[in-house]
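In what follows, a single structure is set out as structure tokens and then discussed.
We number each residue from 1, following the sequence as shown. Nothing here was measured: the structure is a model prediction, and the numbers come from that model. Each ligand, and each atom within it, is numbered from 1 in the order the structure gives.
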Amino acid sequence: MRPAGHCLVEALIEQGVDTAFGVPGESFLAALDGFYEHRDRIRFIACRQEGGAAYMADAQGKLTGRPGVCFVTRGPGASNAAVGLHTAFQDSTPMVLFIGQVASDQRDREAFQEVDYRQMFGPGTLGFAKWVGEIEDADRVPEYIARAWRTAMQGRPGPVVLVLPEDMLTTPTAAPVLPRVEPAVAWPAPGALRDLRSMLMAAERPIAIVGGSGWDAASCTAFQRFAEGWQLPVSCAFRFQDLFDNNHPLYAGDVGIGINPKLARRIGEADLVIAVGARLGEMTTGGYALLKAPRPQQRLVHIHAGAEELGRVYAADLMLQCSMAAAGKALETLAPPTGVRWAEWSRAANADYVANQASEAVEPLDMAVVVKTIQRLAPADSVLTNGAGNFSGWLHRYYRYPSLPQGGRSQLAPTSGAMGYGLPAAVAASLLHPDRTAINIAGDGDFLMTGQELATATGYGAGKGRGRLISIVVDNGTYGTIRMHQEREYPGRVSGSDLFNPDFVTLARAYGWRAERIDATGAFEAAFRAALDAPQPTLLHLPLAAEVITSRTTISAIRAAAQAKKER
Ligand SMILES: Cc1ncc(C[n+]2csc(CCOP(=O)(O)OP(=O)(O)O)c2C)c(N)n1
């Protein structure tokens with residue numbers, strides 16, 4: 001017999017969890033005591049705010065392919081964690097959020113911090129959790145953990161919430177934990193694969209879009225062989241740029257915010273789009289216009305692990321329910337013809353991608369050169385993280401992500417556009433993979449949403465392994481993305497988008513980080529090299545004129561165009 005809180009931690013260990021992120025609460029002391037009991041096998045990383053902790057768990061899910069784990073307390077803790085849950089939902093990241101709950105004999109009185117989490121995060125609210133369970137019986141802890149793990153990974157992966165009443169956690173139980181759960185893998189029907197082959201054989205200008213979660217290295221490699229066999233140009237969905245080798249001659253670029261206009265045109269001209277794993281959300285479809293909803297002009301094949309995703313928005317010509325772990329392997333069984341009609345189309349798609357990486361010099365700080373310098377100097381298996389804001393556009397445009405096989409995901413970034421994601425994600429990556437360098441690129445607005453996690457990094461010794469931890473803050477003194485939209489819609493009327501910033505160098509040093517301010521491109525390389533050498537995390541503060549609002553245009557140009565349009 002041991003308290004259910006201990007049984008819970010044993011069940012996590014059985015699932016292969018060695019790290020959990022969270023902020024403690026008195027509602028789950030018995031579980032915290034379980035972490036103490038098993039401290040030689042599992043650690044609890046105490047974060048500084050539940051938003052940061054939940055983002056770290058999402059990063060853990062993206063990096064390992066198994067549920068990231070986060071523990072938070074009742075109402076206030078759960079409310080703070082909501083952003084990470086939503087991020088995981090939109091990214092289809094496997095994750096389990098444990099929430100402490102008031103004792104059973106206090107339920108439904110609006111007891112201290114009491115919330116009904118089924119109502120708050122229930123599947124009916126669309127967008128927070130695949131399932132919300134509440135464990136009322138200590139003997140059933142192992143059953144709930146196994147189901148949570150399976151639910152988070154199976155079909156379309158995503159977050160699950162498990163609610164833990166305080167008295168349940170302290171109840172003794174002899175229940176044995178259940179063995180490690182592996183997700184059931186859905187393979188496409190042979191007939192559907194034959195139909196796909198016929199569609200490819202009839203195509204003139206096909207293109208693939210890969211995205212979503214649930215991929216593993218073997219499936220990505222197999223998908224690459226399929227693309228090579230058919231000479232298929234491959235693009236990556238918004239913030240899933242690391243599922244196909246960006247240096248591959250078939251790579252066509254990413255389909256997201258700031259898409260290469262030539263790639264957008266190419267997708268418009270394609271006669272067959274094969275979407276593999278991508279949810280085909282608003283950002284990957286150019287606001288449902290690149291692929292017109294609900295019936296695109298291109299023939300559409302949609303391959304997805306979740307039956308509910310197939311046909312949810314798009315009436316695809318062919319829908320295949322298939323886990324991504326199986327997708328590449330299933331597709332590579334399609335025997336290609338000896339030659340394809342579209343070889344030139346594929347070559348041009350890659351040439352457009354390469355040409356889009358050329359940049360014009362910007363003074364004094366050239367973000368394109370900054371990203372290219374990171375690419376040149378950082379280890380090939382580095383993890384790149386970002387939150388939301390225009391600053392991320394340079395990274396997405398100029399960084400060439402390796403494909404998944406080189407050691408797990410290398411891009412941790414929220415398709416939900418959740419600000420504040422990047423720093424906690426980099427801290428998590430660094431703690432989970434001390435041998436990989438984690439590099440966060442943040443905006444000044446983005447960074448301070450979760451900047452307190454600098455302390456978590458310092459406290460747990462992040463960046464002290466062979467890999468380093470580096471955060472690059474691109475400081476333009478504004479919520480630039482919003483300013484950009486403002487100038488488009490209300491030129492010259494700046495309202496609510498200016499920012500007043502601390503001295504980021506002093507701030508970072510106060511947290512025990514190294515820090516340096518870089519005002520000109522020429523100084524970046526030496527500072528970045530020093531960061532890669534330092535046995536301490538480093539923040540690099542890059543002031544950037546707000547005028548340089550994206551990698552393609554300026555504030556003045558946007559304002560002038562908007563004013564001219566208004567005068568017309
Ligand atoms: C949590 C959250 N709040 C608000 C927004 C809306 N939003 C999107 S981008 C952005 C500004 C980002 O500013 P910054 O990090 O400074 O980057 P910049 O756009 O200036 O490069 C805002 C407020 C959001 N996406 N997420």
Side-chain angles (χ1 to χ4, degrees), residues 49-56 58-59 79-91 127-128 238-239 256-258 281-283 287 362 365-368 370-371 384-399 412-426 440-454 471-490 494-504 507 518 539-556 558-559:
Q49 210 258 18
E50 290 84 352
Y55 280 151
M56 289 190 206
D58 173 275
S79 303
N80 277 343
V83 70
L85 208 51
H86 179 255
T87 302
F89 195 92
Q90 292 230 318
D91 277 345
F128 283 106
F238 181 51
R239 293 184 171 161
I257 300 175
E282 183 181 347
M283 292 303 152
V362 176
L365 189 75
D366 191 328
M367 280 303 297
V370 165
V371 173
L384 279 291
T385 76
N386 62 270
N390 275 9
F391 66 87
S392 64
W394 281 280
L395 183 63
H396 296 344
R397 178 169 172 187
Y398 296 112
Y399 195 82
L412 304 181
T415 51
S416 65
M419 289 174 72
Y421 178 83
L423 178 70
N440 160 235
I441 299 198
D444 44 344
D446 176 62
F447 182 80
L448 273 190
M449 288 225 170
T450 48
Q452 73 282 350
E453 303 305 339
L454 289 170
S471 181
I472 297 169
V473 180
V474 184
D475 170 12
N476 57 6
T478 168
Y479 284 126
T481 311
I482 309 308
R483 170 80 185 274
M484 172 182 76
H485 289 294
Q486 217 157 41
E487 294 285 358
R488 266 187 204 140
E489 305 299 326
Y490 305 96
V494 180
S495 171
S497 49
D498 281 343
L499 281 173
F500 305 96
N501 285 323
D503 174 347
F504 286 102
L507 179 84
I518 293 149
L539 181 144
L540 298 176
H541 175 209
L542 275 58
L544 179 73
E547 170 69 0
V548 187
I549 196 67
T550 73
S551 71
R552 296 187 201 278
T553 187
T554 60
I555 286 281
S556 322
I558 295 172
R559 186 182 287 189

message = The criterion is ring pair (Phe, Tyr, Trp, His ring centres under 6.0 Å); which residues satisfy it with Phe238, sequence neighbours excluded?
response = none
query = ring pair (Phe, Tyr, Trp, His ring centres under 6.0 Å) with Phe391: which residues, sequence neighbours excluded?
reply = none
Quick one: ligand 1 N/O to protein N/O pairs below 3.5 Å?
| unit_1 | atom_1 | unit_2 | atom_2 | d |
| --- | --- | --- | --- | --- |
| ligand 1 | 15 (O) | Gly445 | N | 3.4 |
| ligand 1 | 15 (O) | Asp446 | N | 2.7 |
| ligand 1 | 16 (O) | Asp444 | OD1 | 2.6 |
| ligand 1 | 16 (O) | Gly445 | N | 2.9 |
| ligand 1 | 16 (O) | Thr478 | O | 3.0 |
| ligand 1 | 19 (O) | Asn390 | N | 2.9 |
| ligand 1 | 19 (O) | Gly480 | N | 3.4 |
| ligand 1 | 19 (O) | Thr481 | N | 2.8 |
| ligand 1 | 19 (O) | Thr481 | OG1 | 2.6 |
| ligand 1 | 20 (O) | Asn476 | OD1 | 3.2 |
| ligand 1 | 20 (O) | Asn476 | ND2 | 2.9 |
| ligand 1 | 20 (O) | Thr478 | O | 3.1 |
| ligand 1 | 20 (O) | Gly480 | N | 2.7 |
| ligand 1 | 21 (O) | Asn390 | N | 3.2 |
| ligand 1 | 21 (O) | Phe391 | N | 2.9 |
| ligand 1 | 25 (N) | Gly417 | O | 2.7 |
| ligand 1 | 26 (N) | Met419 | N | 3.4 |

query = What about the rings of Phe89 and Phe128, do their centers lie closer together than 6.0 Å?
reply = no
task = Quick one: which residue pairs count as a salt bridge (Lys or Arg N to Asp or Glu O under 4.0 Å) with a foot in residues 476-486, not counting sequence neighbours?
result = Arg483-Glu487
message = Do Ser556 and Glu547 pair up side chain to side chain, a donor and an acceptor below 3.5 Å, judged on atom types alone?
response = yes
key: Shortest non-hydrogen contact between Val371 and Tyr399, atoms and distance   = CG1-N, 3.7 Å
